[in-house]
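Below you will find the structure I want to go over with you.
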Amino acid sequence: DAKTTQPPSMDCAEGRAANLPCNHSTISGNEYVYWYRQIHSQGPQYIIHGLKNNETNEMASLIITEDRKSSTLILPHATLRDTAVYYCIVRASFTQGGSEKLVFGKGTKLTVNP
Amino acid sequence: EAQVTQNPRYLITVTGKKLTVTCSQNMNHEYMSWYRQDPGLGLRQIYYSMNVEVTDKGDVPEGYKVSRKEKRNFPLILESPSPNQTSLYFCASGGGYSYEQYFGPGTRLTVT
């Protein structure tokens with residue numbers, strides 16, 4: 001699985017958009033970009049995933065660059081409850097021979113300030 | 001409600017006393033796995049199971065056993081716990097044709 005690089009920490013004001021970047025320059029064609037978050041020692045929580053198109057769900061939006069070498073997770077209106085460590089993970093899907101294992105890096109510690 | 005449950009949530013034990021941490025999921029997932037999380041080392045996979053009676057080692061399997069006799073349960077067994085197994089443990093399920101994996105709430109284990 002391709003490696004990812006994320007900034008160790010970011011701050012965001014409550015109510016503003018939080019934009020979390022991820023670099024995955026060695027991503028291969030069949031690998032998806034996944035985002036999970038972990039709120040203070042709770043179990044990691046799935047947020048969103050994408051292959052090459054931008055994706056949006058009720059939690060966040062995922063913007064993937066055209067060359068797929070980087071992506072940005074956007075929390076449109078961050079709240080205090082969004083304070084967490086956010087992990088960007090790249091892996092191939094199970095149906096394309098990928099491992100089910102999620103390889104968690106150090107992630108980005110996002111702090112949402114009042 | 002779709003969920004992964006773990007028991008116990010907190011456990012303090014002594015070196016060498018066998019223990020089992022249970023994990024159960026209600027989503028009919030074939031894939032289940034165990035991770036441990038340690039400061040500075042992040043989340044590391046211990047064991048995983050692709051289906052009933054099929055288990056395999058992850059990155060840090062030493063000192064652990066698992067079994068998968070039923071689809072919904074995947075217990076983690078520490079036959080002779082040692083202090084270096086003091087950690088936060090997470091069970092997860094999902095995968096396959098479901099892209100999302102669900103994690104349990106965690107079990108904080110202290111071995112003295």
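Protein chains get the first letters and strands the later ones, always in sequence-line order, with residue 1 at the start of each.
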If you group Ile, Leu, Val, Met, Phe, Trp and Tyr by side-chain heavy-atom gaps below 4.5 Å, do A:Trp35 and A:Leu110 land in one group?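 Hydrophobic grouping puts A:Trp35 with A:Leu110.
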message = According to a hydrophobic-cluster definition based on side-chain heavy atoms being under 4.5 Å apart (Ile, Leu, Val, Met, Phe, Trp, Tyr only), do A:Leu20 and A:Ile27 belong together?
response =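 Yes, it is one cluster - the side chains of A:Leu20 and A:Ile27 are joined through contacts under 4.5 Å.
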Problem - Transitive ILVMFWY side-chain link A:Leu102 to B:Ile46, under 4.5 Å - result: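 No; B:Ile46 is not reachable from A:Leu102 via cluster members.
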Could you see if A:Tyr87 belongs to whatever hydrophobic cluster contains A:Ile74? Use Ile, Leu, Val, Met, Phe, Trp, Tyr and a side-chain cutoff under 4.5 Å.
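Unlinked, A:Tyr87 and A:Ile74 end up in two clusters.
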- Query: Below 4.5 Å, heavy atoms only, C-beta onward: do B:Leu43 and A:Gln38 meet side chain to side chain?
  - Reply: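 The answer is yes, as the side chains (C-beta and beyond) meet within the 4.5 Å cut-off.
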Among pairs that include at least one residue of residues 50-81 of chain B, which meet disulfide (SG to SG under 2.5 Å), considering only residues two or more places apart or in two chains?
->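 The answer is none; no pair qualifies.
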Review point. In residues 39-46 of chain A, which residues are in contact with chain B at a heavy-atom separation under 4.5 Å?
Key: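 Listed by number, the contacting residues are A:Ser41, A:Gln42, A:Gly43, A:Pro44, A:Tyr46.
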Q) Does atom CD1 of B:Ile12 have more than 12 heavy-atom neighbours from other groups under 6.0 Å away? A)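 No, not enclosed.
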Would you mind checking which part of B:Phe90 comes under 4.5 Å of any heavy atom in chain A, side chain (CB onward), backbone (N, CA, C, O), both or neither?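 The side chain, not the backbone.
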Problem set entry | Contact class of B:Gln37 relative to chain A, heavy atoms under 4.5 angstrom |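 For B:Gln37, the contact with chain A is made by the side chain alone.
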*Residues two or more places apart in sequence or in another chain: which of them pass side-chain contact (heavy atoms from CB on, under 4.5 Å) with B:Val66?*
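Partners of B:Val66 under the side-chain contact (heavy atoms from CB on, under 4.5 Å) test: B:Trp34, B:Tyr47, B:Thr55, B:Phe74, B:Leu76.
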ask   = Say you draw a straight line from CZ of B:Arg44 to CZ of A:Phe104; how long is it, rounded to the nearest 0.5 Å?
value =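 Spacing of CZ (B:Arg44) from CZ (A:Phe104) equals 13.5 Å.
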Q.
Please say yes or no: joined through hydrophobic side-chain contacts below 4.5 Å, possibly via intermediate residues, are A:Ile47 and A:Leu80 part of one cluster?
A.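 Same cluster: A:Ile47 reaches A:Leu80 through Ile, Leu, Val, Met, Phe, Trp or Tyr contacts under 4.5 Å.
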request  = Could you grab the distance from atom CD1 of A:Ile48 to atom CD of B:Glu100, nearest 0.5 Å is fine?
outcome  =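 Those atoms lie 11.0 Å apart.
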inquiry  = I need the contact set between residues 103-112 of chain B and chain A: heavy-atom distance under 4.5 Å, sorted by residue number.
reply    =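 Checking residues 103-112 of chain B against chain A gives B:Phe103, B:Gly104, B:Pro105, B:Arg108.
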request  = Taking atom NZ of A:Lys106 as the centre, report whether more than 12 heavy atoms of other residues, nucleotides or ligands fall under 6.0 Å from it.
outcome  =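 Not more than 12 within 6.0 Å, no.
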